[in-house]
Amino acid sequence: MTNDFMLLMPLILITAGAISLMLAAAYEKVTIEQAAFGCMGIFGVAFLVQLSNCITGHVAPYETVFNNMLVISNFTRVAGLIILGCGFFTAMSAQTYFKQNNFCTTEFYSLVTFSACGMLLLTMVQELISVFVALEIMSLAIYILVGYDRKNKTAAEAVMKYLMLGAFAGAFFTMGAALIYGGAHSTQFSSIGQFVAEKGFFNNPALVAGSFFVIVAFLFKAAAFPFHAWVIDVYDGASAPITGYMATGLKTAIFAVFANFLVADETLRSSWVTYLFYFSIFTMFVGNLIAIGQDTLKRMLAASGIVHTGYLLIALVAVSAENFSGNVILYYLAAYAVGTLGIFAALSYLGGDGEKRQSFDDFKGLARVRPFSAAAITIFLLSMAGIPPTAGFMGKFFIITSAIDAGQIALAVFGIISSILSMWYYLRLVINMYFHEATDSFEDTTSNRYAPVGTFILAACVFVIGLYPVII
Amino acid sequence: MFEHVLSVMIFLPIVAGLILLLTPAGKGLARLTGLVISFASLILGLDIFFKFKEQAALQFVENVPWIPSFGINYHLGLDGISLFVLLAGAVLMPMVYLLFTTKEKGYYANLLIVQGAMAGALCAADMVLFYIFWEIMLLPIFFMLGMYGGEKRIKATLKITIYTIAGSLLMLASIVYVGVTYHSQFGEWNFAISQMSQLQLAGPVAVLAFFGFMIAFAIKIPLFPFHTWLPDAYTEAPTATTFVLSAIMAKIGVYAVIRFVVPVFDGEFARFALLLAYSGVIGMMYCGITAIAQKDVKRMLAFSSASHMGVIALGVFCLNVQALTGSIYQIVAHATSTGVLFLFVGILEDKMKTRKIEDLGGIAYKAPVFAFFFAIAMLASVGLPGTSGFIGEFLIILGAIKFNVLIGVLAGTTLIIGVCYMLWMFQRVFYETTNERTEGFTDLSITEGLTFLPVIVLIVIMGLYPQPFLSKIEPAAQQHIAALTKADTIQIAQSTHAQPAEGHTVEKKN
């Protein structure tokens, strides 16, 4: 039992931290600044604990805790590590972001931490009801964070869309879970897997329908085609640090639980893979088409997030249930998270008061005025575009390798074509930053800022992860 | 000199370039650093040249595991083919820093990075490593072209970048396919180029992978239908970038065909050689004819360069030792002659503020040394006997006639087009009457003259006494051809089955 608690240490730390931040927020003496530091500290400590867990690895590679409710494996550990990292850098960017935007209260950081609880739990759950609970813990906090700027119309629109559609997705999930329980007489992934292995899958309509609903819910949360329409407006309406957080931490959690669910049984997986194949292709191409047409940076990044979901679906199609390690998915998630968080951290301090710099044109000539920031953004963009020697390249390389290895050559080719298309909108920003004269002075009036620090740490991480792909 | 000489040649310039970019160094310091480092590379390159043994195997090998779970290694090595391209770069790069003294810091820093990346692409003996350097090579070009280029630079930049990246990504898919096939055939992950020749590749996917590689390299060379980025990029780019693109980077495309496509896809290569050879010849004729009509000296040289790349590529597709040796020899010859010509045009542009042929005239009366050097480089470029261009082109035509008489004859006659546009341009720019503008043209300064002198001498030496170079190229060329002809006989043996499919595929491609 004590061992169980040790394995869950990061989760417990985060939960305790979230509650204490919420309590601390009741005191007027606690400033927003202090809350930000508290949040960073909690994530930092939890990150280090998780890291030491990963490195020492004193437990078996796959271990169940609390009567098979949760599972701890290398996969969940690394996913947790990514989420904690995302939380840390989100707090860092938010600290600077709220020096230029003044709708923050101390509860903000508590909510960020609460959502991280849900995400961490999601990576570990092995049981449908717990999935639902974790999903809701995460989503509720995220709903509030998206609409934090109450007086802002776009934020209100974003939270409305996200809440309504997210509620539908939640309902779909519950429905699916109920049907699966009806079909397989269990909510535990392993028992469902056993049941499918023994009794078959397609002769059980409740199971087919149930897993369909569950997968729909996951695809919705991961912003895959055809459930991608909410992404653009929601990402656009949320504040820059939160957009970054949603694009990375939330996606990591969803893909972790998605992969865990799919590999519960080979029959289950292989029967859905055919459809995921098409979902992945459409997700990539629809995402690209949307991204090409965007004029503001956040919307472009939102659309490119859809494209990356498509790549991750390729990896998901290529996993095998027998020998699941999930390395490729995790590596890609880490690489994508570093790039996306970095660019949103940069946006947090370059956006200016009330996020006044938003469009591609607003960033013209950034390289002349702030060469280091421009270089960092370029590094993140190149990583997302998959140009070596960045982490994004390695991620893409591993995904293509796993796809071809699994015999999905068509999928690999579509992935390649999609990344050719994506060059256009990534390069567009680089061209605007470097090849035009500056029209804006990109002044910064605030002091004591952490987002630039975070940006440069992440820029270094792009190369570190790219050149030493330890997860693989 | 020491064990890790190749790593030093790769990373010394890259690290220096990055340090320059990250520190607030001034222009002067940047240029000085570039000069020192490029001379250091030159010395290392010469050292490698003299220690290089006349054999086919890889030399100066470094092999360190990098991503063991996928069998990706940090694996470097040189053979007779890469040696010469590497040397061409090492010899030519210092000239840029000597000639162009007033550019910005980023200009010199990017040049350093591209130099290191090109060395990396040439030395890489692991496919993934090669791909990484191949892509890094493009980034400095992207920034130099976009930041320091001419008026229409952004359009040209986008064109070259998206074109090249599209090609590269197709190559990436092919690399992965080859690696995965190796995994399934031999049970272990490996991306070493030397191992890939053992693969048995067949079937439609192998053909696709072959074209993935070929298109990537054809874009870089550029080979006929993929050449459209070239005139814009070459014309808009600052002189040093055009110089790097034409003198070295294009050659890396040809080198990569010899190094990757020929050994790995021996069967497909032999099957499609005729198609590719025609593509080379057509490109040669088309770009040559277009060059005649150009009004801008730099644009004319751009087409001329594309035309010559067609010849060099043709040499590779002829599948015999003469043509391949000729190609590699011509790579060096063309790098020196065209590279120098682009530099001359850069000087001309700096002094005259124009590149229009009609605005120039009578420069030979004002600047005899400039005209003399220009003439030698130009004659080498058109392949006059006694210059370096002759040896290579002669060998290529010889091989082409052995391969296919029609292609040989076409290639031989097309060389005349080169003489047309070059000499006509020379007449209009250097002779005829001087005008107001060219009246004030000053001859090369002593520094500039001394900078060009070694390369001009090299052009003549390579034309008169090619043996020391040929003897280093031939073993590697023979090894490649031996591997190919072996595959060829297999093809012939299987021809009863393979023939219809073959004809069909060729037809479709046309």
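Computed over heavy atoms, backbone and side chain alike; hydrogens, waters and symmetry mates excluded. Convention: sequence-line order gives letters A, B, ...; per-chain numbering from 1.
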Q: Compare all side-chain heavy atoms of A/Tyr468 with those of B/Ile67 and state whether any distance is below 4.5 angstrom.
A: no
Q: Apply side chain to side chain contact (heavy atoms under 4.5 Å, CB included) to B/Phe142 and A/Phe435, showing your working.
A: CA-CA 10 Å; B/Phe142 170 77; A/Phe435 305 160; 4.0 Å; yes
Q. So which part of A/Ile409 gets closer than 4.5 Å to some heavy atom of chain B, the side chain, the backbone, both or neither?
A. side chain
Q: With the side chain counted from C-beta on, respond yes when B/Ile72 and A/Met394 share a heavy-atom pair under 4.5 Å apart, and no when they do not.
A: no
Q. If you measure from CG on B/Leu172 to CD1 on A/Ile400, what distance do you get to the nearest 0.5 Å?
A. 4.5 Å
Q: Could you grab the distance from atom CZ of A/Arg368 to atom CE of B/Met147, nearest 0.5 Å is fine?
A: 5.5 Å
Q: Start with the C-alpha gap between B/Ile154 and A/Ile431, add the side-chain angles, then the distance that decides, and say whether side chain to side chain contact (heavy atoms under 4.5 Å, CB included) holds.
A: CA-CA 8 Å; B/Ile154 292 180; A/Ile431 286 175; 4.0 Å; yes
**Q.** Segment of A/Ile417 engaging chain B (4.5 angstrom heavy-atom cut-off)
**A.** neither
Q: Could you tell me which portion of A/Val413 (side chain, backbone, both or neither) has an atom closer than 4.5 angstrom to a non-hydrogen atom of chain B?
A: neither
Q. Do A/Phe397 and B/Tyr131 have side chains that get closer than 4.5 Å, going by heavy atoms?
A. no
Q. OG1/B/Thr157 to OH/A/Tyr434 distance, rounded to the nearest 0.5 angstrom?
A. 14.0 Å
(Q) Show the nearest heavy-atom pair for residues B/Ile132 and A/Pro389, with the distance to one decimal. (A) CG2-CB, 4.1 Å
(Q) Is A/Phe393 in contact with chain B via its backbone, its side chain, both, or neither, using a 4.5 Å heavy-atom distance? (A) side chain
Q: Nearest 0.5 Å please: distance from the NZ atom of A/Lys396 over to the CG atom of B/Leu169.
A: 7.0 Å
